[in-house]
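Structure first, then comments.
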Amino acid sequence: MIIGFELNGEQVTVETTLSMRLLDIVRNDFGLTGTKEGCSEGECGACIVFLDGKVVNSCMVPMSNVVGRSVVTIEGFSETERYKQIEAAFRNAGAVQCGFCIPGMIMAVEGILRLNKPLTDEVIKEGLSGNICRCTGYQSIYEAVRHLGEEVWQDVQ
Amino acid sequence: MFNSLRPNSLGELLEIIDNGDYYIFAGGTDLFIRKRQWQGAERKFDKDVVFISHLEELRGIFEDRNYYRLKTCVTQDEVANSDLLPDYLRIPYGLMGNPAIRNTATVGGNIVNAAMVADSLPLFYALDAVIVLKSIQGDRILSIRDFILGRYKTDRYENEIMYEVIIPKEDFTGYRYKKIGSRKSSILSKLSVFMVYRKAHGKIVDIRVSVGAVNDVPIRSEEAEKEFIKDNNLDKFLLTIREMMEGEDDRRSTKLYREEIGLRIIKNFLEEVMEE
Amino acid sequence: MKIRDRICRVDSVEKINGKVRYIEDIDFENLHFARTLRSGIAKGEILSIDYPEIPDGIWVVDASDTPVNEVLMIKGDMPVFADKTVNYIGEPIALIVGKDKQQVIEFMNGIVVNYRKDEGIFHIDECRGHEDMTYSSYEYQKGDIGELDYDDTFEKVYSTGYQEQLYMEKQGLVGEYSDNIVTIHGSMQCPYYIKNALIHCTELPGDNIRVIQNTTGGAFGGKEEYPSLMACQLAVAAMKIKAPVELIFDRREDILYTTKRHPSQTRIKTYLKERRIVGMAFTYELDGGPYWGLTDVVLQRGILTLTGCYNIENVKVEGKAYKTNNIFTGAFRGFGAPQSMFALEQHMNQLARYLNKDPIEFRRQYFVKKGDISATSGVFNETIMLQEMADKLEKMSDYEEIKNKKDYYHGVGVAFIPHGGGFTGDGEASHIKAVVNLKKDESGSVHILVSSVEMGQGAKTVLAKIVASALDIGIDRIVYDDPDTFKVPDSGPTVASRTTMVVGGLLYKAARKLKPLMSQKGEVLVTETFKQPDNIKWDQTQLRGNAYLSYSWAAVIAEVEVDPITFEIKCTNIHGVYDVGLPIDEDTFIGQVHGGVAQGVGYGMLEVMESIDGLIQQNSFSSYSVPTMADMPRMYTDWIYNPYKEGPYGAKAAGELTLVGVAPAIASAVQDAIGIEINDLPVTSEKILAEVLR
């Protein structure tokens, strides 16, 4: 069947089935390979996209749940001003090694920024608890987000 | 081959499931894992599938004078962040899965799967929640204990949808919740203990204790709770719970750990509450 | 640029914005997909395989298609495809290949393999004393343990379990065949290991084999030897089908059937005279799984530094690796040392407690120093600064204060770790013989031509920095593409913490040669080949001499809190002081420390992985629990400058060192907190409870 939804700000359609995973659709039908398949069971966060503005693991989302809704992948998000702030924070903190978890991590970071809460230790750790990184030990990622929190918070004030 | 259906209304959904055996697909966080398949290949189901999480009639959190009502497709995140709900519901929901999972996993899914590790079941056991099932013939209302029959087993008929869970409002003085997994977050429970209580004039007048992830279904003894309110005999209470425990060794933990630590947590909770 | 300039990683931006391409992101024309038909039993004979009628578009690729059915690693005992016998659960029997994944799945669902099942061997206890179940057996001595004068002994047995690398990018390769050339693309650590395995398996000349690495999403040893097996299968498949074939594992497949860290058992007997150590005897045993793989080398690294940071006069070491029908064990960051150093360091902590001494003070009496004789009777040629490291560690951690926090459930644990850089003994000279090329092109850019790969560890940044600094040019003039064996010489595998020290050292020398030639017009190529320093002597048959080119050192303190009700463990702080000569790029080095600590925390207290009758029980991200951000301690890291003459700018090995000390430090911290004895990794709440109730 033909399924229509909004992808990175554009209306798109795809010929697929209701039970196809959003992850496979963005990667294989639209060539958006920044979204990664890490664990295939919603535990690692490498496949995070925004669905109607909320972070979801795209490996767990059937196309039935995407009909008529808005999807943003790292490719879409990386066009935003906010993304540039996050990129700079990650880059400066040395928060990237093999890189496989990073696009999903960036999306999860934006997820916690959207909570509009001060980025306390708890908010950061809980907010990124669904993103597994096997390389960095997380401390540099944590520092990047802390720094970002201060920056974004200043922007708000 | 299997068919995938996406009804446009609750009425249509009830018609569909009245005419065959379907997987009812809500958030999918459980069903997609069970039907895992080669990366890039379609997930195949051995029977027809009906998708429901887009149905507005199955969404929303409501309250009236006596009850909270959570419709089946409410997400775990919506519960965790609800302004209507008390902390003793919101906080445990905020500890389930991880943020991305909580945005898709549903209240109904966690109940109907009836997994041993389902973190919402101990809450509903302690809170005397009621499950509303809907079919084309009408509604059926069951207590959560009557609804959950065992590990992965419920009393839902094939032509029924779990429509909502109804939680009686109570004036609890406080609650305790402890969930243990093999790491600090984003992990399935190997043990959870939930407790709500009410105190009046320094005395415990209502206490509910439930233990998850030890037996196939949550452990709770109303009788022991009633006795405890009368005699405040902690050892006797713990002994009753101990006798109900049928833990097993598995890849997440051991029988010994689940039982001993479960009891230690209950003991600690009850001592705290008695001293309060 | 100058070597101490701070730069951002050269590959970070395209990894953050998701534009970088891993093998699963790359399209090949006419790509076919392969899925592995695997053994369902741990040991037995394949009596027959009933295939459904093979439809158009489906190929079965198996041993009958394979020119030489051996995967060349150290030995060629592992078949590319199991032929008659199977030796572990999940052993590949065939690849089923097709363009349509659904068609492949349906075809596979119809296959029935008929076996005659044999009794498998699943525990090393069953192997002792059986030569046919022993891969390798080593023994060496220093002094004479038999003639010791002692008045007390202290003996314990330590064990460790499996650990899975759990790189975020699953194993994945693509094989192509055209114009009589086999090309393998994908995620790997060792392009030339793969090339050599392909030459052996396909019997094609070396010129007809090409291996190209793609951006690799983590490896940690897991992509050292294992991709050679996949590459051989893909070469055979591509030659048969005459089309590109992709083999990317699903996550559960990757966890269940690829190499793991070797489970181990170590017995240590210490001989004491007047409360001083006069001798130590070790027996170190590994579960080597069904095939040789790299087990022999893992065993050697496990035993060669068994006396750790200590000068012990009389030493006897026995090491054995056994053949079982458990999962294939292999390379994983640390390579035998996490097991042996857990045993030694936990033993030292227990000895200190037994002798009623502070664990750091106790160790200080025995720290090795320059000129001392190592366990393998080689001379420590370089300055060793363990005392200074201990001073620094005590200061930065407020040791006196934290160890006296006498809350019953707060604990402090200590570990001191050596790690040899590069291959064991004379391996770099006799076995690897690394070659590097540097090429200045017409535009003045300088190309690093090595087979060493970037896999997340920062090789692209570190090696580029070494060359740019040596040439005193901007780092933007350095080109370092993912290696392609048609373009780069064999600088050796990306393993053994050798890339910065050995390959970087050669690149530094090459750059020095190139520097005066930079003004020449046109292309200039310089080559550098590894030569063993004169002061390194090694006898491989006796395991005698300098076991490593140089040593890096780590001093680690772990602080833990144990929940008094649930016995949940929280590692709150890790303090570490490291001697890696000089960190070439401090951010990259800190990244290695943090990542190593994370894997050490996992190894120490989270990552339970058990095998029952040859089947791994924890098969997913939800059942195998690696640390999340919430599980990580705060890491405080410092280093000392102790340059190694042969290393670039004094740099030594760093990658593996950072993991090794963490688990023993955590284990001894838990021991300190609860007052029970911990002899088994990982430390879990379940084990603590069982021990407390005992």
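A note on names: the letters A, B, ... follow the listed sequences, proteins ahead of strands, and every chain is numbered from 1.
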Donor-acceptor pair, distance only, cut-off 3.5 Å: does the side chain of [X] make one with the backbone of [Y]?
X      : Y      : result
C/K101 : B/Q39  : yes
B/R251 : C/Q617 : yes
B/Y257 : C/A690 : no
C/D631 : B/R183 : no

Is [X] in contact with chain B via its backbone, its side chain, both, or neither, using a 4.5 Å heavy-atom distance?
X      : result
C/E24  : side chain
C/R252 : side chain
C/L693 : side chain
C/K570 : both
C/P564 : backbone

Gap between atom [atom2] of [Y] and atom [atom1] of [X] - 0.5 Å precision:
X      : Y      : atom1 : atom2 : result
C/F621 : B/I33  : CZ    : CD1   : 12.5 Å
C/L689 : B/T254 : CG    : OG1   : 6.5 Å
B/W38  : C/D250 : CH2   : CG    : 8.5 Å
B/D250 : C/S623 : CG    : OG    : 10.0 Å
C/M629 : B/S186 : CE    : OG    : 12.5 Å

Practice prompt. Could you have a look at C/T684, C/V626, C/D100 and say which one has the most heavy-atom pairs with chain B under 4.5 angstrom?
Written response: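 Greatest number of close heavy-atom pairs with chain B: C/V626.
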
Item to complete: Name the option with the most non-hydrogen atom pairs under 4.5 Å to chain B; the candidates are C/P627, C/S622, C/S620, C/S685.
Response: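 Of the candidates given, the most pairs with chain B belong to C/S685.
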
Discussion item. Check this for me, if you would: do C/E568 and B/K178 make a salt bridge, where the nitrogen-to-carboxylate-oxygen distance has to be below 4.0 angstrom?
Written reply: yes

Response to the item:
Those residues of residues 259-274 of chain B that come under 4.5 Å of chain C on a heavy-atom basis, listed by number, are B/E260, B/I261, B/R264, B/I265, B/N268

If you count every heavy atom of other residues, nucleotides or ligands that lies below 6.0 Å from [X] atom [atom1], does the total exceed 12?
X      : atom1 : result
B/K153 : NZ    : no
C/R694 : CZ    : no
B/F2   : CZ    : yes
B/D46  : CG    : yes

Item to complete: Pick one of side chain, backbone, both or neither for B/L191, based on which atoms fall under 4.5 Å of a heavy atom in chain C.
Response: neither

Item to complete: Sort B/R36 into side chain, backbone, both or neither according to what part of it lies under 4.5 angstrom from a heavy atom of chain C.
Response: side chain

Worksheet item: Which pair of heavy atoms, one from C/S625 and one from B/I187, lies closest together, and at what distance?
Response: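 Where C/S625 meets B/I187 most closely, the heavy atoms are CB-CD1, 3.9 Å.
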
Worksheet item: Looking at C/T628 and B/S185, what are the two nearest heavy atoms and their distance?
Response: OG1-OG, 3.2 Å

Worksheet item: Going through the checks in order, is the side-chain contact (heavy atoms from CB on, under 4.5 Å) test met by C/E686 and B/L256?
Response: CA-CA 8 Å; C/E686 283 80 2; B/L256 179 72; over 6 Å; no

